[in-house]
Amino acid sequence: MSDAAHHLKFKTPSSWITRFAPLVRMDGTSGGRVLDVAAGGGRHARHFLGRGHPITAVDQNISALTDLSSEAAAEVVEIDLEDGKPWPFADRQFAAIVVSNYLFRPHFDGLIGSLEPGGVLLYETFARGNEAFGRPRNPDHLLKSGELLELVQGRLQVVAFESGITDEAPPGVKQRICAVNDLAHNLRDDGGPQPHPLAPA
């Protein structure tokens, strides 16, 4: 079974994503648009749709997302993000960007650049040490220690970060981060941005 097919098996949204979903901008009963990168079967896109957010679900294979085409608030984009072309959403901004169990470092800057002011990055994927548990084992597809923290350093406010072994499907060694694009919103006396609430784990 390929890695892509393996991840299509998982239907329940990640607890990390659902925990911090309330931080994503809501305007009354409708929310800001959420970009789900490498959406797979659309478990996170569907979660945000259910919360009232329009979504853009992106994957190389959208066969598991075809039912979303009937949703007025859903945009499904079939694209190979690893074809060597620039980040395809450079001219758009999103209230949140979700990445789960996917790693392609050339688009790191694009991800952050496509967050609107106050936008939320929710990123979780496998890290070094996962080779002892299963796929992926290639170090090119595994985050280095603290890599997600380094990615957002000085660019986003870190709300929460985890790194370690999880038994949540798919189990393994993962890094997880929730970070907000609000470092420029210096509202405190010390020049820093306002903190955000930590949802219960």
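FYI, side chains are in, hydrogens and waters are out, and symmetry mates aren't considered; it's all heavy atoms of this structure.
Between atom CG of residue L122 and atom CG of residue L23 there is a gap of 7.5 Å, rounded to the nearest 0.5 Å. With rounding to the nearest 0.5 angstrom, the CG atom of D59 is 9.5 Å from the CG atom of D80.
Proximity of I112 to L151: side-chain heavy atoms (C-beta onward) are separated by under 4.5 Å at one or more points. Using a 4.5 Å cut-off on side-chain heavy atoms (C-beta onward), P171 and I165 make no contact. Counting heavy atoms from C-beta outward, L81 and Y102 have side chains that approach closer than 4.5 Å. Put simply, the side chain of R176 reaches to within 4.5 Å of the side chain of T166, judged on heavy atoms.
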Report the C-alpha distance between K144 and E150 in whole Å, list the side-chain angles of each, state the deciding distance to 0.1 Å, and finish with yes or no for salt bridge (charged side-chain N to carboxylate O under 4.0 Å, His left out). CA-CA 10 Å; K144 294 174 284 189; E150 293 175 9; over 6 Å; no
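A salt bridge does not link E168 with K174: every distance from a Lys NZ or Arg NE/NH1/NH2 to an Asp or Glu carboxylate oxygen is 4.0 Å or more. Under a 4.0 Å N-O distance rule, the pair R105/E147 qualifies as a salt bridge.
Of the possible polar contacts, one joining the R33 side chain to the I55 backbone as a donor-acceptor pair under 3.5 Å is found. For the pair H185 (side chain) and Q194 (backbone), a donor-acceptor distance under 3.5 Å is absent.
In this pair, F89 and W87 present their aromatic rings perpendicular. The plane angle is above 60°, beyond the 30 to 60° band.
Other residues, nucleotides and ligands place more than 12 heavy atoms under 6.0 Å from the CD atom of E162.
Side chain to side chain, E124 and S100 meet the donor-acceptor criterion of an N or O pair below 3.5 Å.
Under the 4.5 Å side-chain heavy-atom criterion for ILVMFWY residues, no single connected hydrophobic cluster contains both F126 and L103. Placement of I97 and I17 in two distinct hydrophobic clusters is found when ILVMFWY residues are connected by side-chain heavy-atom separations under 4.5 Å, directly or transitively.
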